[in-house]
Amino acid sequence: MLSKVNFGFFLKGVRPLIWLILFTVLLQIFFARGGTVYWQWGPLSLTSLGIINGSYVFCRFVLIIFMSTLLTLTTAPLEISDALESLMGPLKKFKVPVYEISLMLSIALRFVPTLMDETEKIMNAQRSRGVNFGEGNIVKQIKAVVPLLIPLFVSSFNRAEDLATAMEARGYRGGEGRTKYRIHFWKRNDTLACILFGLTMIVLLYLRNW
Amino acid sequence: MSIHFEKVNYIYQADTPFRHQALKNLTVSIPTGSYTAIIGHTGSGKSTLLQHLNGLLKPSSGSVTVADKTITAVTKNKELGELRKHVGIVFQFPEAQLFEETVLKDIAFAPKNFGKTPAEAEQIAREMALLVGLPEEVLQNSPFELSGGQMRRVAIAGILAMKPDVLVLDEPTAGLDPKGRHEIMQMFAQLHSQKQLTIVLVTHQMDDVANYADHAIVLEKGEVIASTSPQEVFKDPQWLLKHHLALPKATRFAYELQQTGKVVFEKMPLTEKELAASLVDLLGKGGN
């Protein structure tokens with residue numbers, strides 16, 4: 001494979017969703033009407049159009065999962081947010097706060113693991129005070145979340161304030177005229193990828209209308 | 001309540017590339033009514049050990065016995081509620097657990113969870129607030145309006161309100177000023193002597209170990225390398241150096257003094273008081 005990603009990872013990505021996919025495919029196969037009828041029983045019917053639709057749906061789902069797996073496994077979150085920023089660059093002309101959006105995105109991504117750690121810690125602390133998460137009826141379960149969410153909010157706000165102070169202390173003043181640590185260059189591979197993608201799209205469009 | 005670990009292994013994220021064994025075949029006892037200090041480097045398994053004490057983690061193999069309750073890998077979560085009532089854990093920076101509208105309600109949270117009526121819980125909360133030295137007038141305030149030191153006290157009171165038999169403290173004085181640190185450590189010492197509470201203290205402060213603990217467990221890379229009295233632990237500076245541990249201030253002073261070759265301490269002092277006493281003693285004998 002071009003991306004050097006083990007094929008097993010793609011299959012692993014599909015596995016949790018396989019039942020949902022199969023369910024949708026079966027619905028398509030048995031309930032879609034049209035084309036030659038092969039078999040019929042009450043409202044259920046097996047038709048040629050149903051089978052075609054079903055395989056379409058299957059391929060679509062699997063491709064979506066494969067593509068997102070490929071993106072997340074080959075590209076670091078920071079690179080994605082950098083890419084978004086440079087791709088949205090032209091929108092600056094329309095006063096879209098592109099820089100701020102990408103900063104928000106990278107900060108959000110950066111704090112996902114921190115927040116997960118924090119959640120774990122607070123859950124442990126509240127468990128020690130006799131809260132049972134995920135037990136009892138629905139009202140009890142919702143009530144159990146309150147002692148978790150409030151401390152999480154409080155600490156997130158505190159952390160946001162600390163972060164803002166730390167950024168200001170280091171002279172952060174926003175996007176205008178700011179240089180970057182990671183600079184992106186357009187390489188030959190990028191041009192190739194774009195051409196390849198364009199060609200694929202043209203072929204697909206042609207096949208569809210033909 | 002006696003606590004005993006028997007051949008406990010704990011593995012984080014088993015069956016993944018991130019597999020990490022935090023406890024390795026660990027066998028150790030924490031005596032009833034003791035003030036036990038757990039010492040060890042970051043990553044030595046202190047926090048993992050601590051979370052086994054009230055069943056937040058279950059051993060991957062081996063067993064943990066607390067009083068008459070034995071926890072193994074297959075113990076059901078439902079059976080752990082009773083245990084949590086008896087073992088109170090004050091986590092690092094416990095003020096992160098505060099969430100109620102008022103200080104009083106927050107302290108009363110645990111007893112209410114463990115089956116006390118609201119009136120009883122409030123009664124207990126008032127007692128505990130008094131015990132940790134919170135002024136009466138803050139009890140109806142929001143816990144988030146308090147100073148850092150007072151928030152810490154509220155959180156500790158919230159654990160004490162469970163009336164545990166074993167109190168586990170994970171660096172309870174981290175981030176406090178020296179005065180607050182001293183007051184809180186004194187309060188724990190008092191609880192230990194007056195209510196015969198078993199205390200387990202995880203700390204990096206060797207002075208706290210020397211001043212308060214009567215038993216010390218030293219961990220390294222998930223294994224117990226010593227479980228003995230603080231006196232024994234601090235006996236051999238070479239051993240401590242090898243395991244990257246520090247000496248209490250008073251003991252270090254005594255060793256350095258001894259290295260000048262002018263005095264010989266019969267028994268190494270651990271605390272400032274002991275140091276002063278032995279110095280007076282030595283001077284009395286007319287040592288130079």
> Which of the residues P164(B), G158(B), A96(B) is involved in the greatest number of heavy-atom pairs with chain A at under 4.5 angstrom?
Replying inline: A96(B)
>> Please determine whether the number of non-hydrogen atoms from other residues, nucleotides or ligands lying under 6.0 Å from atom CD of Q141(A) exceeds 12.
In response: yes
> What pair of heavy atoms forms the shortest contact from R127(A) to R84(B), and how long is it?
Replying inline: O-CD, 3.4 Å
> Which residues, numbered in order, of residues 103-124 of chain B come under 4.5 angstrom of chain A by heavy-atom distance?
Replying inline: D106(B), F109(B), A110(B), N113(B), F114(B)
> For atom CG of D68(B), is the number of surrounding heavy atoms from other residues, nucleotides or ligands below 6.0 Å larger than 12?
Replying inline: no
> With a 4.5 angstrom heavy-atom cut-off, which part of L98(B) approaches chain A: side chain, backbone, both or neither?
Replying inline: backbone
>> Looking only at heavy atoms and a cut-off of under 4.5 Å, which of N132(A), L149(A), V154(A), I122(A) has the most pairs with chain B?
In response: V154(A)
> Take atom OH in Y56(A); do more than 12 heavy atoms of anything else shown fall under 6.0 Å from it?
Replying inline: no
>> If the contact rule is any heavy atom under 4.5 Å from chain A, which residues of residues 38-62 of chain B qualify, in numerical order?
In response: Q51(B), N54(B), L56(B)
> What distance do L148(A) atom CG and F99(B) atom CZ have between them, rounded to the nearest 0.5 Å?
Replying inline: 10.5 Å
> For S155(A), is it the side chain, the backbone, both or neither that has a heavy atom under 4.5 Å from a heavy atom of chain B?
Replying inline: neither
> Is the number of heavy atoms from other residues, nucleotides or ligands within 6.0 Å of CZ (F153(A)) greater than 12?
Replying inline: no
>> So does P151(A) get a backbone contact from the side chain of Q97(B), meaning a donor-acceptor N/O pair under 3.5 Å?
In response: no
>> So, taking the atom named CG in L83(B) and the one named OG in S128(A), what distance separates them when rounded to the nearest 0.5 Å?
In response: 10.0 Å
> Above 12 or not: heavy atoms from other molecules or residues under 6.0 Å from CD of Q13(B)?
Replying inline: yes
> Does CZ belonging to F111(A) count more than 12 external heavy atoms closer than 6.0 Å?
Replying inline: yes
>> Need one label for F93(B): side chain, backbone, both or neither, based on atoms under 4.5 Å from any heavy atom in chain A.
In response: neither
